[in-house]
There are 2 protein chains.
Amino acid sequence: MPKKKTYHHGDLKNALINAGVEILAKDGVSGLSLRKVALKAGVSHSAPYSHFVDKQALIAAISTEGFRQLYERVSAVADEYKTKPSRQMIEVAWAYVQFALDDRDRFKVMFSDVLEKEKEYPEFIAESQRNFQLLRMIVEANQASGKLRSGPSDLVALSVWGIVHGFVMLLLEGQISHTVLEKKSVRELVEFQLKQIMLD
Amino acid sequence: MPKKKTYHHGDLKNALINAGVEILAKDGVSGLSLRKVALKAGVSHSAPYSHFVDKQALIAAISTEGFRQLYERVSAVADEYKTKPSRQMIEVAWAYVQFALDDRDRFKVMFSDVLEKEKEYPEFIAESQRNFQLLRMIVEANQASGKLRSGPSDLVALSVWGIVHGFVMLLLEGQISHTVLEKKSVRELVEFQLKQIMLD
DNA sequence: GCTACAATCTTGACACTGTAAAGATTGTAG
DNA sequence: CTACAATCTTTACAGTGTCAAGATTGTAGC
């Protein structure tokens with residue numbers, strides 16, 4: 001897609017989101033400023049305000065887009081292992097972990113307190129709930145094949161998400177001791193985590 | 001403790017930490033600025049630099065202090081239920097959750113990406129590992145009484161921490177759907193989470 | 001095709017932030 | 001009592017989010 005230097009950018013909104021993701025990957029969350037994002041997108045420092053009322057709004061958009069991509073990846077994996085109940089859960093969890101490790105700072109932004117008033121961003125809420133519903137369906141499939149305890153699927157899904165998400169967070173924060181990481185690979189650790197909660 | 005208006009504050013370092021905690025509770029993480037902290041402590045905006053090289057360093061100190069208090073509470077509860085293996089784990093988890101809910105923003109700061117280069121703050125690392133070792137001991141006690149699966153206690157501790165911590169995070173981020181929260185109290189949800197991983 | 005409008009982008013400004021440098025004040029070791 | 005080191009203030013600067021005013025441009029209606 002060739003870029004003409006017109007006054008009107010054409011697709012600035014998405015350009016800003018992408019620029020934000022790149023900056024996030026390179027400079028981390030503390031390096032993410034509206035002005036840098038604007039600069040990277042090749043517009044003036046105030047241009048973003050035509051598309052986002054706030055810095056928070058841009059962050060919300062970045063997070064929302066992140067959830068969309070997460071959904072893509074997880075649902076693809078879930079689909080791929082649809083016929084293998086014994087592996088589906090671990091592969092889904094692994095995809096989740098990889099997504100986090102792939103883009104650590106974006107993942108952190110998606111879940112951490114950077115976005116303060118989530119309630120004000122309905123798209124963000126919708127997209128994150130869509131992810132939860134996906135997990136819930138996967139959980140129900142696993143319950144049906146006896147891989148997971150029965151019980152309210154939303155609560156069990158919460159457990160599964162919690163155990164994996166908690167692990168990822170501790171991993172990203174560097175709170176998992178070096179000695180543990182030396183003994184097991186991350187993949188093995190995820191597997192171990194899941195085995196604690198899964199039946200067999 | 002009466003405050004004399006001397007040039008030398010006397011205990012500015014701790015005063016700054018406490019001021020930081022207060023501001024965190026009132027204005028959240030985005031409202032936490034070095035200058036406000038200094039103002040609240042009654043000193044000039046540059047005074048903090050005599051005690052902390054960075055804003056990050058102050059945040060590290062706040063987090064470290066938070067971990068100390070968390071240790072206090074968790075170890076007290078663990079001790080209290082030392083002779084009741086059936087309840088110890090849930091009470092410990094509940095104390096953890098309450099600690100988070102008590103001071104949401106400080107808890108978030110302790111675990112979220114606000115503190116970027118944790119490695120540079122050995123006290124912070126030490127204090128958080130001390131907490132993990134405490135949990136590990138509790139886990140070993142629960143393994144001994146058959147409440148938890150056997151296996152490497154550090155890994156099992158990781159699972160327990162992960163499942164509770166993940167739940168708390170999702171709770172704090174408002175990612176737990178309203179409908180779930182209507183059906184069960186938070187305490188019940190914690191219990192449900194733990195039951196997924198505990199034996200009986 | 002022309003025109004008026006609305007969307008988009010730029011410029012300039014402001015208050016607030018973290019941080020550095022230089023100097024003022026004070027406790028304390030010798 | 002004095003010199004020094006620790007502590008605190010003052011001043012300054014670049015970077016930040018945000019707002020208001022104006023410039024540019026696509027486009028709907030004639």
Side-chain angles (χ1 to χ4, degrees), chain A residues 1-20 22-24 26-63 105 109 113-117 120-121, chain B residues 1-20 22-24 26-63 105 109 113-117 120-121:
Chain A
M1 37 182 94
K3 287 179 189 177
K4 291 179 187 175
K5 275 199 177 179
T6 64
Y7 193 92
H8 284 7
H9 181 288
D11 192 24
L12 184 55
K13 187 168 186 177
N14 285 312
L16 290 170
I17 292 175
N18 293 330
E22 286 180 39
I23 290 177
L24 221 38
K26 186 161 30 143
D27 303 332
V29 62
S30 71
L32 181 70
S33 79
L34 265 185
R35 292 171 106 103
K36 262 197 249 173
V37 169
L39 185 69
K40 178 155 232 160
V43 294
S44 81
H45 67 261
S46 274
Y49 286 90
S50 297
H51 301 277
F52 304 100
V53 299
D54 251 348
K55 185 186 184 185
Q56 286 280 310
L58 171 61
I59 292 178
I62 291 174
S63 299
D105 286 279
V109 166
D113 53 339
V114 183
L115 188 53
E116 297 199 310
K117 298 166 291 180
E120 295 179 13
Y121 303 97
Chain B
M1 39 181 95
K3 286 180 190 175
K4 292 177 187 175
K5 273 199 176 179
T6 63
Y7 193 92
H8 283 6
H9 181 288
D11 191 23
L12 184 55
K13 188 168 185 177
N14 285 312
L16 290 170
I17 293 176
N18 292 331
E22 286 180 37
I23 290 177
L24 219 40
K26 186 158 34 140
D27 303 334
V29 62
S30 71
L32 181 70
S33 79
L34 265 186
R35 293 172 106 103
K36 262 196 253 176
V37 169
L39 185 69
K40 178 155 233 158
V43 295
S44 83
H45 67 261
S46 275
Y49 286 91
S50 295
H51 302 277
F52 304 101
V53 300
D54 248 349
K55 184 186 182 183
Q56 287 281 309
L58 171 60
I59 292 177
I62 291 173
S63 300
D105 286 280
V109 165
D113 53 340
V114 183
L115 188 53
E116 297 198 313
K117 299 167 290 183
E120 295 179 14
Y121 304 95

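Chain identifiers are assigned alphabetically (A, B, ...) following the order of the sequence lines, protein sequences preceding nucleic acid strands; residue numbering begins at 1 within each chain.
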Separation of D/dA14 C1' from A/L39 CG (nearest whole Å): 15 Å
Nearest-nucleotide pick for A/S46, side chain only, options being C/dT10, D/dT10, D/dT7: C/dT10
Sugar-phosphate only, base, or nothing, as touched by B/K13 at under 4.0 Å among non-hydrogen atoms: nothing
Between D/dT7 (P) and B/L16 (CG): distance, integer Å: 12 Å
Side-chain N,O (B/S50) to OP1/OP2 (D/dT7) below 4.0 Å: no
Side-chain donor/acceptor contact of A/H45 with base of D/dG15 under 3.5 Å: no
Flag side-chain contact, heavy atom, 4.5 Å: B/I17 against B/F52: yes
Backbone of A/L32 reached by a side-chain donor or acceptor of A/K55 within 3.5 Å: yes
Nucleotide nearest A/Y49 when distance is taken to its side chain, options D/dT9, D/dG17, C/dG18: D/dG17
Donor-acceptor pair present, A/R35 side chain and D/dG15 base, under 3.5 Å: no
NZ/A/K36: more than 12 non-hydrogen atoms of other groups inside 6.0 Å: yes
Separation between CD1 of B/I62 and CG of B/L16, rounded to the nearest 0.5 Å: 9.0 Å
Whole-Å distance separating the CD1 atom of A/I23 from the C1' atom of D/dT16: 13 Å
Whole-Å gap separating C1' (C/dA7) and CZ (A/F52): 15 Å
First encountered from the 5' end of DNA chain D, between A/V53 and A/K36: A/K36
Separation of C/dG18 C1' from B/L32 CG (nearest whole Å): 12 Å
Nucleotide nearest A/S33 (side chain, heavy atoms from C-beta), chosen from C/dG18, C/dA20, D/dG17: D/dG17
First of A/P48 and B/L34 reached from the 5' end of DNA chain C, by closest nucleotide: A/P48
Between CD1 on residue A/I23 and CG on residue A/N18, distance to nearest 0.5 Å: 11.0 Å
Gap between atoms CG and P, on B/D54 and C/dA20 respectively (whole Å): 8 Å
B/K55 NZ to C/dA20 P, straight-line distance once rounded to whole Å: 15 Å
d(NE2, B/H51; C1', C/dG18) in whole Å: 18 Å
Pair partner, C/dT28 [Watson-Crick or wobble, under 3.5 Å]: D/dA3
